[in-house]
Chemist: 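My structure is below; once you've seen it, I'll send some questions.
Lettering of chains follows the sequences in order, A, B, ..., and the numbering in each one begins at 1.
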Protein chains: 2
Amino acid sequence: MDTNKSTQAFAALSQATRLDVFRLLVKAGEDGLLAGEIGEKLQVKQNTMSANLSVLLNAGLVKNKREGRTIRYYADMEGVTAMLSFLLEDCCGGQPQLCQPFIQQITCSTDNCNDA
Amino acid sequence: MDTNKSTQAFAALSQATRLDVFRLLVKAGEDGLLAGEIGEKLQVKQNTMSANLSVLLNAGLVKNKREGRTIRYYADMEGVTAMLSFLLEDCCGGQPQLCQPFIQQITCSTDNCNDA
DNA sequence: TCCATATATCATGAATAATTGATATATTTG
DNA sequence: CAAATATATCAATTATTCATGATATATGGA
């Protein structure tokens with residue numbers, strides 16, 4: 001991961017529709033969602049949604065898989081990991097106590113996870 | 001945290017100079033950095049850097065504190081937490097195993113931290 | 001108070017990105 | 001192969017963002 005790839009990922013999440021799409025895919029988990037389903041849920045025109053999905057894809061934040069004539073999209077957690085690792089690089093190195101509360105809240109240790 | 005506030009934060013990180021600034025501040029930890037120091041390190045003109053710092057500030061990703069005639073900037077980890085919690089909301093809820101590897105890598109449990 | 005230093009704001013031109021109608025491509029079905 | 005369905009690409013307009021010169025504000029020191 002480098003600065004360019006990372007800014008591309010943040011840019012992909014900097015627009016309301018795409019952020020909504022990504023969050024839907026995060027919630028959908030392994031099941032993913034069909035491109036058409038996403039457009040319908042978010043009430044976005046077909047070509048606009050296609051363009052937005054393409055931005056997320058190019059940014060490495062989502063993956064897809066053709067299923068017949070439909071295409072299923074998934075959140076790409078490895079892409080998110082790469083982006084965030086770059087963003088937070090060396091955070092803990094110098095002053096661990098600064099990062100602890102942050103990590104507590106993001107991870108499954110608090111309320112956003114039931115059994116992990 | 002809502003979609004608007006969150007897209008604002010991602011937009012702030014979607015430009016190379018601002019991403020570089022934020023990463024510098026993450027590494028700087030509690031010591032922070034003076035506005036001038038940041039501009040010098042990154043070789044960015046004074047007014048351009050000022051504008052970029054202002055974007056990060058408005059996005060809730062950095063804080064600052066005046067010290068005489070200089071101003072010291074810090075990464076705001078609470079802001080980052082809010083942004084990421086919103087992004088990853090309900091990720092673990094449905095399919096915890098999907099998120100585990102991601103969390104392992106971001107947190108201090110692996111190699112990006114020495115003693116936390 | 002006057003000057004120097006550090007940072008912020010304003011106005012503007014240039015570059016980028018977003019939306020959308022029209023159209024193209026890929027897949028399935030008859 | 002023709003029609004139907006799902007998604008992608010193209011072209012054009014509009015909107016947003018960026019960098020920067022000029023200038024303003026804030027603080028400290030003589």
Chemist: Could you tell me which non-hydrogen atom of B/Val62 sits nearest to which non-hydrogen atom of B/Phe22, and how far apart they are?
Modeler: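 Looking at all heavy atoms of both residues, the shortest contact is CG1-CD1, 4.2 Å.
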Chemist: Give a yes/no answer on whether the side chain of B/Gln15 brings an N or O atom under 4.0 Å of OP1 or OP2 in C/dT16.
Modeler: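 For C/dT16, neither OP1 nor OP2 has a side-chain N or O of B/Gln15 closer than 4.0 Å.
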Chemist: Between C1' on D/dA6 and NZ on A/Lys45, what's the gap in Å once rounded to a whole number?
Modeler: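 Rounding to the nearest Å, NZ of A/Lys45 and C1' of D/dA6 are 17 Å apart.
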Chemist: Taking only the side-chain heavy atoms of A/Arg69 (C-beta and beyond), determine which of D/dG29, C/dT29, D/dA8 contains the nearest atom.
Modeler: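 Nucleotide nearest to A/Arg69's side chain: C/dT29.
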Chemist: Report the residue from B/Val21, B/Leu24, B/Leu25, B/Leu33 that forms a side chain to side chain contact (heavy atoms under 4.5 Å, CB included) with B/Tyr73.
Modeler: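 Among B/Val21, B/Leu24, B/Leu25, B/Leu33, the one that satisfies the side chain to side chain contact (heavy atoms under 4.5 Å, CB included) with B/Tyr73 is B/Leu25.
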Chemist: From the set D/dA8, C/dA6, D/dA19, return the single nucleotide nearest to any side-chain atom of B/Asn52.
Modeler: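 Of the candidates, D/dA19 comes closest.
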Chemist: Ignoring hydrogens and angles, are the base of D/dA6 and the side chain of A/Gln46 linked by a donor-acceptor pair under 3.5 Å?
Modeler: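 No, no donor-acceptor pair under 3.5 Å.
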Chemist: Would you say B/Thr81's side chain and B/Met77's backbone share a donor-acceptor pair under 3.5 angstrom?
Modeler: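 Pair found, side chain donor or acceptor close to backbone of B/Met77.
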Chemist: In whole Å, what is the span from the CE atom of B/Met49 to the C1' atom of C/dA8?
Modeler: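 These atoms are roughly 14 Å apart.
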Chemist: Want to settle it: does A/Arg66 or A/Val55 sit nearer the 5' end of DNA chain C, counting the closest nucleotide to each?
Modeler: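 That would be A/Val55.
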Chemist: Quick check on C/dA18: is either OP1 or OP2 less than 4.0 Å from any side-chain nitrogen or oxygen of A/Arg18?
Modeler: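 Yes, because at least one side-chain N or O of A/Arg18 sits under 4.0 Å from OP1 or OP2 of C/dA18.
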Chemist: Nearest-Å distance, CZ (A/Arg72) to P (D/dA6)?
Modeler: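 Interatomic distance, CZ of A/Arg72 to P of D/dA6: 14 Å.
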Chemist: Of B/Leu57 and A/Ala11, whose nearest nucleotide on DNA chain C comes first from the 5' end?
Modeler: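 The residue mapped nearer the 5' terminus is B/Leu57.
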Chemist: Check the distance between C/dA18's P and A/Leu56's CG and give it to me in whole angstrom.
Modeler: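 Rounded to whole Å, this separation is 11 Å.
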Chemist: Using whole Å, what does the distance between atom P of nucleotide C/dT28 and atom CD1 of A/Ile71 come to?
Modeler: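 Answer to the nearest Å: 12 Å.
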Chemist: D/dG28 P sits how many Å from B/Leu34 CG, rounded?
Modeler: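 Taking CG of B/Leu34 and P of D/dG28, I get 14 Å after rounding.
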Chemist: Can you tell me the distance, in whole Å, between the CG atom of A/Asn47 and the C1' atom of C/dT23?
Modeler: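 Nearest whole value for this atom pair: 11 Å.
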Chemist: Over all strands shown, is A/Ser50 touching base, sugar-phosphate only, or nothing at heavy-atom distances under 4.0 angstrom?
Modeler: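 Base contact - A/Ser50 has a heavy atom under 4.0 Å of at least one base atom.
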Chemist: Taking the side chain as every heavy atom from C-beta outward, state whether B/Leu88 and A/Arg23 have any atom pair closer than 4.5 Å.
Modeler: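 No, their side chains stay 4.5 Å or more apart.
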Chemist: Can you measure B/Asn58 atom CG to D/dT17 atom C1' for me and round it to whole angstrom units?
Modeler: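 Rounding to the nearest Å, CG of B/Asn58 and C1' of D/dT17 are 15 Å apart.
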Chemist: Answer yes or no: is there a side-chain heavy-atom contact under 4.5 Å between A/Asn52 and A/Thr17?
Modeler: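 Yes. Closest side-chain heavy atoms under 4.5 Å.
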Chemist: Quick one: is B/Thr48 getting a side-chain N or O under 4.0 Å of the D/dT20 phosphate, OP1 or OP2?
Modeler: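 Looking at the OP1 and OP2 atoms of D/dT20, one of them is under 4.0 Å from a side-chain N or O of B/Thr48.
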